[in-house]
Amino acid sequence: MSDIAQEAWRKYLIQLQAHPLRTKAITAGILAGCSDLIAQKISGVKRLQLRRLLLIMLYGFAYSGPFGHFLHKLMDIIFRGKKGSKTVAKKVLLEQLTSSPWNNFFFMMYYGLVVEGRPWGLVRSKVRKDYPTIQLTAWKFWPIVGWINYQYMPLQFRVLFHSFVASCW
């Protein structure tokens, strides 16, 4: 790793240790913004939709990062002192049955109402129509990510890992 990257990583770890919630929120916002920037470029937009980009970053900063921070702390409290594959499986199952459906629903509502500025009736219809497929698709991919996260990632890196995978998703 280059000296610049090593120094940036060292400073990031210091911030993560000193201010975990703030650092995870900022990280999630930046990664959400990078994801949207890439998505806009891939979709072929002629001009960057800055409002959309900033609202997606706001979602990562104000919701996704803090939600992940507290979710993973709660999981460690619920399963305090328990290790092993059975515990990891229980964490993944709990996450997939609670926060996964909620987060997909919440993102669809946020995106429709806030980012796209659509009326409630249209957003409600879209969620009713698309939510089951989106959730079933999520259940084919995210349990693997959850397993890796709970099995191999230390608590302080779980939001970073999840946000990074989400930005690629």
Single-linkage hydrophobic cluster Leu160~Tyr152, side-chain heavy atoms < 4.5 angstrom: yes

Under 3.5 Å: donor-acceptor pair, side chain of Tyr63, backbone of Leu58: no

Short side-chain to backbone donor-acceptor contact, Asn104 and Ser100, under 3.5 Å: yes

From Trp147 atom CH2 to Leu93 atom CG, the distance as rounded to the nearest 0.5 Å: 11.0 Å

Within-4.5 Å side-chain heavy-atom neighbours: Phe61 and Pro66: no

Residue pair Leu71 / Glu95: nearest heavy atoms and the distance that separates them: CD2-OE2, 3.6 Å

Gln15 side, atom CD; Thr23 side, atom OG1 - distance, nearest 0.5 Å: 5.0 Å

Check: Phe70 and Leu21 side chains under 4.5 Å, non-hydrogen atoms: yes

Shortest non-hydrogen contact from Leu16 toward Gln156: CD2-O, 3.5 Å

Side-chain heavy-atom pair Arg128, Arg124 within 4.5 angstrom cut-off: yes

Heavy-atom pair of closest approach, residues Pro20 and His69: CB-CE1, 4.0 Å

Interatomic spacing from OH in Tyr12 to CD in Glu7 - rounded to 0.5 Å: 15.5 Å

Exercise: identify the closest heavy-atom pair between Met57 and Gly33: CG-CA, 3.3 Å

side-chain contact (heavy atoms from CB on, under 4.5 Å) evaluation trace for Leu37 with Leu48: CA-CA 8 Å; Leu37 181 66; Leu48 179 68; 3.4 Å; yes

Note, Leu113 side chain near Arg118 side chain (heavy atom, < 4.5 Å): no

Val123 and Met108: CA distance, side-chain angles, deciding distance, side-chain contact (heavy atoms from CB on, under 4.5 Å) verdict: CA-CA 8 Å; Val123 173; Met108 290 179 75; over 6 Å; no

Side-chain heavy-atom pair Leu122, Glu116 within 4.5 angstrom cut-off: no

Cluster overlap Phe161 with Leu155, hydrophobic side-chain contacts below 4.5 Å: no

Any donor-acceptor pair under 3.5 Å from Ser167 side chain to Phe164 backbone: yes

ILVMFWY network linking Val165 to Phe107, side-chain heavy atoms under 4.5 angstrom: no

Tyr110 and Tyr59 aromatic ring geometry - parallel, tilted or perpendicular at 30°/60° bounds: tilted

Donor-acceptor contact below 3.5 Å, side chain Asn103 vs main chain Ser99: yes

Spatial distance of atom NZ (Lys129) from atom OG1 (Thr133) [nearest 0.5 Å]: 8.0 Å

Heavy-atom check, side chain of Ile14 versus side chain of Arg10, under 4.5 Å: yes

Donor-acceptor contact present, side-chain Ser43 to main-chain Gln40, <3.5 Å: yes

Stepwise side-chain contact (heavy atoms from CB on, under 4.5 Å) check, Ile78 with Lys91: CA-CA 9 Å; Ile78 292 170; Lys91 286 180 177 181; over 6 Å; no

Donor-acceptor contact present, side-chain Ser35 to main-chain Leu31, <3.5 Å: no

Min side-chain heavy-atom separation Ile77-Arg80 under 4.5 Å: yes

Common cluster, Trp102/Val114, ILVMFWY with side-chain heavy-atom separation under 4.5 Å: yes

Connected via hydrophobic side-chain network under 4.5 Å: Phe67 and Met109: yes

Under 3.5 Å: donor-acceptor pair, side chain of Arg158, backbone of Met153: yes

Between Tyr150 and Thr87: side-chain donor-acceptor atoms closer than 3.5 Å: no

Atom pair CG/CG of Leu53 and Asp36 - distance to nearest 0.5 Å: 5.5 Å

Straight-line distance of Gln49 CD to Leu54 CG, nearest 0.5 Å: 11.5 Å

Audit row: Arg52, Tyr111, side-chain contact (heavy atoms from CB on, under 4.5 Å) steps and yes/no: CA-CA 9 Å; Arg52 173 181 138 170; Tyr111 195 84; 3.6 Å; yes

Side chain to side chain, Trp142 and Gln135, heavy atoms closer than 4.5 Å: no

